[in-house]
Amino acid sequence: MPSISPEPHSFSSSRKIGWLAAATVAGCVLWTIGWFLVAEKIEDNLPETMARISGPNASAGCARAEVRGYPFRFGLFCQTLSYGNTSEGVTVLSGALRSAAQFYRPGHVVAEIDGPLAITAPGLDARVDWQVLQSSVQAAPGGLNRGSLDVRNVRFDIDAAGLTRKFAIQADKIIAHGRKNGPDLDIALYGEQLQNNLVTKLVAKAFTLEATLPGQAGVLDAPYKPISGPFDVRFHRLAIELDDTSSLEISGPVQIGADGRLSGTLEVTVRNQKRFIELSTNISPEIANLFNRFAPVISSLDSKPGKDGITLPLTIENNRVSLGMFPLGQLPNF
């Protein structure tokens, strides 16, 4: 019986498959070695990196730091996060951090942080807790280009020197954004279903803050430097929506001095004036009585007649607030 010899083409295909398998295995081995070397380098350099971010007279900590995410991600995991600034007397402590960045986009980092967050500073003791907190940041040489937070079921408890009693506020959702815009810093904040313990009958359906801080883009640089007065804020839109027909909207520039006092000339637009007069009764009967007595005069001050609502000049001078010619009271220091 004649023997059947293998065809040359069959040997060639087998060799190609063998070489491909060997190259795949070698590539996986090299990738694995490279991944763990990078992870080890990140862990070794973490104290230096956090010291660079926190800056002088400050320290940042990541307890039980570990890099995870093999094979296609790099993520830093910490049991707790901490920050302290001895010169400012500020300490911050939060729960666990879980982060991740794809190997092909190492500058884009997403993370989850567990609550609560405790903040202590001269004249301030605050605690923030939440159900879910997710963040996304776009890193750049020397800091961040932009960052976002998405927080669900959040509660703030604040005890400050300027408050007569502890202030608590809670919300179903808060979304915050910050980005560099040339030398300026753009910020935006959106909240839903906000409640507080000072005016229990005040439930805001939505809250919106859109503003620019001229010349403050450096707040996203490393090392971190907190904003201190004097500085300016341009409010593009600061709005509280009580329902579909009632809202309060403020826009204009504000200056914050080195002593924390505010000054500025703003525009305030009120939709459904009657609803806000009812709410002001819970805040201050004197202010409510003033609004009731001078409601016709207030309407005559409308700078944009014919629009939906009444637009009035709101003046702040060293924390003293006036609506047109009517004084409203004194703000606590910023």
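The residues of the chain are indexed from 1 along the displayed sequence. These numbers come from the heavy atoms of this one structure, side chains and all, not from hydrogens, waters or symmetry mates.
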* Where does the angle between the aromatic ring planes of Phe103 and Trp31 fall among parallel (under 30°), tilted (30 to 60°) and perpendicular (over 60°)? -> perpendicular

* To do: Without swapping roles, check the side chain of Ser135 against the backbone of Leu149 for a donor-acceptor pair under 3.5 Å.
  => no

* Among the clusters formed by ILVMFWY side chains lying less than 4.5 Å apart, do Leu117 and Leu93 turn up in the same one? -> no

* Please check if the side chain of Trp130 supplies one atom and the backbone of Ile113 the other of a donor-acceptor pair under 3.5 Å. => yes

* Is there a donor-acceptor contact under 3.5 Å from the side chain of Asn145 to the main chain of Ala140? -> no

* Looking only at heavy atoms, what is the nearest atom pair of Ala65 and Leu76, with distance? -> CB-CD1, 4.2 Å

* Under the 3.5 angstrom rule, does the side chain of Asp259 hit a backbone N or O of Asn318 as a donor-acceptor pair? -> no

* Asked: Do Pro214 and Arg234 come within less than 4.5 Å of each other through their side chains, counting heavy atoms only?
  -> yes

* Take Phe36 and Val67, measure what side-chain contact (heavy atoms from CB on, under 4.5 Å) needs, and give me the verdict at the end. => CA-CA 9 Å; Phe36 282 99; Val67 176; over 6 Å; no

* Asked: Just how far is it from atom CD of Glu267 to atom CD of Glu249, taken to the nearest 0.5 Å?
  -> 10.0 Å

* Does Arg155 pair with Asp157 as a salt bridge, N-O distance under 4.0 Å? -> yes

* Asked: Any idea which heavy atoms bring His236 and Ser251 closest together, and the distance?
  -> O-CB, 3.7 Å

* To do: May I ask you to test the Phe156-Ile174 pair for a side-chain heavy-atom distance under 4.5 Å?
  => yes

* Would Val110 end up clustered with Leu220 when hydrophobic side chains under 4.5 Å apart are linked, directly or stepwise? -> no

* Side-chain H-bond candidate by donor/acceptor type, Asn153 with Gln131, under 3.5 Å -> yes

* Hey, quick one: are Val29 and Leu37 part of the same hydrophobic cluster, counting side-chain heavy atoms closer than 4.5 Å, chains of contacts allowed? -> yes

* Nearest 0.5 Å, what's the CD-CG distance between Gln170 and Asp129? -> 11.5 Å

* **Test side-chain contact (heavy atoms from CB on, under 4.5 Å) applied to Leu312 and Ile310, step by step** => CA-CA 6 Å; Leu312 303 169; Ile310 300 174; 3.7 Å; yes

* To do: State whether Lys205 and Glu241 are salt-bridged, where the test is any N-O pair (Lys NZ or Arg NE/NH1/NH2 against Asp/Glu carboxylate O) under 4.0 Å.
  => no

* Nearest 0.5 Å please: distance from the CG atom of Leu242 over to the CG atom of Leu194. => 11.0 Å

* Asked: Aromatic rings Phe74 and Trp35: how do their planes relate, parallel, tilted or perpendicular, breaks at 30° and 60°?
  -> parallel

* Asked: So does Asp114 pair up with Arg98, basic N to acidic O under 4.0 Å?
  -> yes

* Does a donor on one side chain and an acceptor on the other come within less than 3.5 Å for Ser54 and Tyr83? -> no

* side-chain contact (heavy atoms from CB on, under 4.5 Å) between Tyr190 and His177: does it pass, once the steps are laid out? -> CA-CA 9 Å; Tyr190 307 96; His177 305 282; 4.1 Å; yes

* Asked: Is the number of heavy atoms from other residues, nucleotides or ligands under 6.0 Å of Tyr70 OH greater than 12?
  -> yes

* Structure fact -> By side chain to side chain contact (heavy atoms under 4.5 Å, CB included), Asp221 pairs with (sequence neighbours left out) Lys180

* OG1 on Thr311 to CD1 on Ile250, rounded to 0.5 Å -> 11.5 Å

* **Distance (rounded to the nearest 0.5 Å) between Thr212 OG1 and Arg179 CZ** => 8.0 Å

* When you measure from the side chain of Asn319 to the backbone N and O of Leu262, does any donor-acceptor pair fall under 3.5 Å? -> yes

* Asked: Is there a donor-acceptor contact under 3.5 Å from the side chain of Ser322 to the main chain of Thr315?
  -> no

* Kindly give the heavy-atom pair with the smallest separation between Ser87 and Asn85, and that separation in Å. => OG-OD1, 2.6 Å

* Asked: When rounded to the nearest 0.5 angstrom, what is the spacing between CG in Leu238 and CG in Leu266?
  -> 9.0 Å

* To do: Please name the pair of heavy atoms, one in Ala217 and one in Gly182, separated by the smallest distance, quoted to 0.1 Å.
  => CB-O, 3.5 Å

* Is it the case that one hydrophobic cluster holds both Ile53 and Ile42, taking links as side-chain heavy atoms less than 4.5 Å apart, direct or via other members? -> no

* To do: Would you please test Thr91 and Thr120 for side-chain hydrogen bond (donor to acceptor under 3.5 Å, both in side chains) and show each step?
  => CA-CA 5 Å; Thr91 60; Thr120 59; 2.2 Å; yes

* Asked: Does Leu81 share a hydrophobic cluster with Val132, counting links as ILVMFWY side-chain heavy atoms below 4.5 Å and allowing steps through other members?
  -> no

* Asked: So Glu192 and Arg152, side-chain contact (heavy atoms from CB on, under 4.5 Å) or not? Walk me through it.
  -> CA-CA 10 Å; Glu192 294 181 1; Arg152 305 302 170 99; over 6 Å; no

* To do: Check whether any side-chain heavy atom of Gln255 sits under 4.5 Å from a side-chain heavy atom of Pro253, and report yes or no.
  => yes

* Structure fact -> For Ala101 and Pro106 the tightest heavy-atom approach is CB-O, 3.9 Å

* Would you say Asn181's side chain and Asp184's backbone share a donor-acceptor pair under 3.5 angstrom? -> no

* Ala176 versus Leu189, closest heavy-atom pair with distance -> CB-CD1, 3.7 Å

* What pairs meet the salt bridge (Lys or Arg N to Asp or Glu O under 4.0 Å) rule with one or both residues in residues 319-330, with sequence neighbours excluded? -> none

* Counting only heavy atoms not in Asp44, do more than 12 fall under 6.0 Å of its CG? -> yes

